[in-house]
Number of protein chains: 2
Amino acid sequence: MLPQLGEVFRTHGYEGASLTLITAATGLGKGSLYHLFPGGKAQMAKEVLAEIDQWFEREVFAPLRDSADAQAGIGQMFKATDVYFRSGRRVCLVGVFALGAARDEFADAVHGYFDRWREALASALERAGHARGEAKELSEDIVAGIQGALVLARAADDPKVFSRTLARLKRRAGGR
Amino acid sequence: MLPQLGEVFRTHGYEGASLTLITAATGLGKGSLYHLFPGGKAQMAKEVLAEIDQWFEREVFAPLRDSADAQAGIGQMFKATDVYFRSGRRVCLVGVFALGAARDEFADAVHGYFDRWREALASALERAGHARGEAKELSEDIVAGIQGALVLARAADDPKVFSRTLARLKRRAGGR
DNA sequence: GTCTATAAAGCGATAGAC
DNA sequence: GTCTATCGCTTTATAGAC
């Protein structure tokens with residue numbers, strides 16, 4: 001349910017995700033949707049954002065923060081990122097929200113997602129041997145680089161742009 | 001006229017830019033708008049994209065391709081980019097379109113913008129002394145980095161994220 | 001060239017039958 | 001819990017006065 005919902009928001013943005021598109025994607029009528037989400041579209045988006053946050057917390061942020069081998073945690077991040085974004089065929093819903101007018105309504109979720117990603121990555125980079133300031137800079141470069149690569153890959157309609165850029169970011173992070 | 005129109009599309013995306021918002025931003029009634037743009041919203045977006053393309057062609061792409069001093073051309077690109085995106089307070093309209101469903105309708109403009117940017121930058125980097133393959137990779141990193149920095153800056157509601165990242169990209173390009 | 005009025009369709013959301 | 005019907009509003013777009 002939430003994954004299908006997420007796909008609609010991802011593809012059409014918050015404004016563009018009409019209830020007609022949502023009913024088509026989920027197979028549920030409006031009545032059912034409002035039974036499940038009394039708060040309407042805003043609640044749907046909030047729950048989708050929360051689910052995404054949980055996924056990244058489990059698959060990306062926690063490994064970055066908690067891996068005994070910091071470099072392995074970073075490797076897991078790149079692997080999970082590649083899977084999640086379907087090697088560049090899928091766009092980042094939080095990034096889409098961040099660029100649009102929806103950012104203000106979902107400011108906490110949008111802000112938290114990127115901030116915790118950057119912070120967890122900086123912690124791993126520091127434990128992997130980078131100086132504190134350098135790790136902070138590099139973490140910003142990498143998270144920005146991933147988001148930018150998604151923009152470019154979709155603009156060019158060529159997922160390879162994402163794969164290539166991700167591979168170079170991994171090298172800069174010290175990955176093999 | 002086109003700049004005000006562009007600001008609405010930038011802030012609200014193609015889907016979110018309603019004629020009500022557009023009339024408010026331009027001060028023109030619907031009648032006047034359809035007199036100027038018989039093709040409606042689609043034509044407005046197309047002309048805005050064309051104007052943006054011209055601006056970047058003149059201020060960014062041409063200097064990158066034609067500067068006798070390649071490093072000076074790259075410096076001009078970073079300067080113009082910082083000005084255009086208001087040091088991170090403004091988002092990239094073409095990037096917004098690229099991420100959304102509007103990409104398909106405006107595929108040529110979206111694809112051309114990023115491709116020509118990357119290509120012009122690669123040419124300058126090569127003339128500045130980078131090996132051909134390295135220049136191509138670096139140009140992709142830099143254009144993606146700029147787009148990603150815009151996403152992060154808007155997500156954090158903090159333009160400094162953009163300025164910092166832009167400064168590091170400039171350093172990687174060999175800028176002082 | 002700009003306005004107001006209006007059309008037709010789509011929007012988010014609700015009510016109520018089943 | 002899911003559906004259909006419908007509300008009230010907004011959407012894009014057009015017509016026609018000035």
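Residue numbers start from 1 in every chain, and the chains themselves are labelled A, B, ... in the order their sequence lines are given, proteins ahead of strands.
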Practice task
Produce a footprint string for nucleotides 2-14 of chain C: one letter per nucleotide, 5' end first; B if the base is under 4.0 Å from any protein heavy atom, S if only the sugar-phosphate is, - if neither.
Solution key: BBB------SBBB
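Listed for the B:His130 side chain is a donor-acceptor partner under 3.5 Å among the backbone atoms of B:Leu125. Between the side chain of A:Thr23 and the backbone N or O of A:Thr20, at least one donor-acceptor pair lies under 3.5 Å.
Using a cut-off of 4.0 Å between Lys/Arg side-chain N and Asp/Glu carboxylate O, A:Glu119 and A:Arg65 are scored as not salt-bridged. Checked for salt-bridge contact, B:Glu137 and A:Arg164 miss the test: no charged N lies under 4.0 Å from a carboxylate O.
Residues passing the side-chain contact (heavy atoms from CB on, under 4.5 Å) test with A:Arg86 are A:Arg89, A:Arg90, sequence neighbours excluded.
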